[in-house]
Amino acid sequence: MTEKPHPIFERHGRDILSDLPVHPHQAVLGVHLEVPTLNGKTEVEIEPGTMSGKVLRPRQLRGKGIPGRGGQDPGDHYLRVLVVTPTKLSVEERKLWSRWRR
């Protein structure tokens with residue numbers, strides 16, 4: 001039996017990986033976000049200074065992967081942080097980004 005790809009979750013054995021898009025300010029300053037899991041939504045903390053591409057295993061997502069068979073522990077749910085760069089900026093936002101660059 002072949003498993004169909006899921007639009008949000010990637011399966012790696014009993015572990016699950018999903019992408020977590022964050023805004024630049026959230027990656028720099030840290031943030032608490034609600035993320036989808038196989039069993040509903042769970043709040044996780046993204047630490048300040050998190051880099052794009054970093055893979056996290058928040059404690060809230062341990063054991064939230066695929067259930068094991070025959071008494072095996074379930075896998076974990078990992079998050080891959082993706083910093084989303086804004087593409088449409090207002091004049092004020094452009095000024096703020098320019099000021100931050102300096």
Side-chain contact, heavy-atom cut-off 4.5 Å: [X] with [Y]?
X     : Y     : result
Arg62 : Arg57 : yes
Lys64 : Leu38 : no
Arg99 : Leu96 : yes
Val55 : Leu17 : yes

First locate atom [atom1] of [X], then atom [atom2] of [Y], and finally report the distance between them rounded to the nearest 0.5 Å.
X     : Y     : atom1 : atom2 : answer
Leu79 : Gln60 : CG    : CD    : 9.5 Å
Leu29 : Ile46 : CG    : CD1   : 13.0 Å
Glu45 : His32 : CD    : NE2   : 4.0 Å
Leu33 : Thr42 : CG    : OG1   : 12.5 Å
His23 : Gln26 : NE2   : CD    : 5.0 Å

_salt bridge (charged side-chain N to carboxylate O under 4.0 Å, His left out): pairs with one or both residues in residues 17-40, sequence neighbours excluded_ = Asp19-Arg80

*With Val44, which of Leu56, Leu61, Thr37 fulfils side chain to side chain contact (heavy atoms under 4.5 Å, CB included)?*
Leu61

*Check Thr85, Val84, Val83 against Ser52 for a side chain to side chain contact (heavy atoms under 4.5 Å, CB included) and give me the one that passes.*
Val83

_Could you work out, with ring-ring contact (aromatic ring centres under 6.0 Å, His included) as the rule, every residue matching Tyr78, not counting sequence neighbours?_
none

*Check ring-ring contact (aromatic ring centres under 6.0 Å, His included) between His6 and all other residues, then give those that pass, not counting sequence neighbours.*
Phe9

*If only atom types and distance count, is the side chain of Arg14 paired as donor or acceptor with the main-chain N or O of Asp73 below 3.5 Å?*
yes

*Counting N and O atoms only, with roles assigned by atom type, does the side chain of Asp76 sit under 3.5 Å from a partner on the main chain of Gly65, one being a donor and the other an acceptor?*
no

_Any residue meeting side-chain contact (heavy atoms from CB on, under 4.5 Å) with Thr87, in chain and number order, not counting sequence neighbours_ = none

*Partners passing side-chain contact (heavy atoms from CB on, under 4.5 Å) against Leu89 (at least two apart in sequence or in another chain)*: Pro86, Glu93, Arg94, Trp97

_Is there a path of hydrophobic side-chain contacts, each under 4.5 Å between heavy atoms of I/L/V/M/F/W/Y residues, joining Val35 to Val22?_
yes

*Sequence neighbours excluded - ring-ring contact (aromatic ring centres under 6.0 Å, His included) pairs with any residue from residues 37-66*: none

*Please name the pair of heavy atoms, one in Ser18 and one in His77, separated by the smallest distance, quoted to 0.1 Å.*
OG-NE2, 2.8 Å

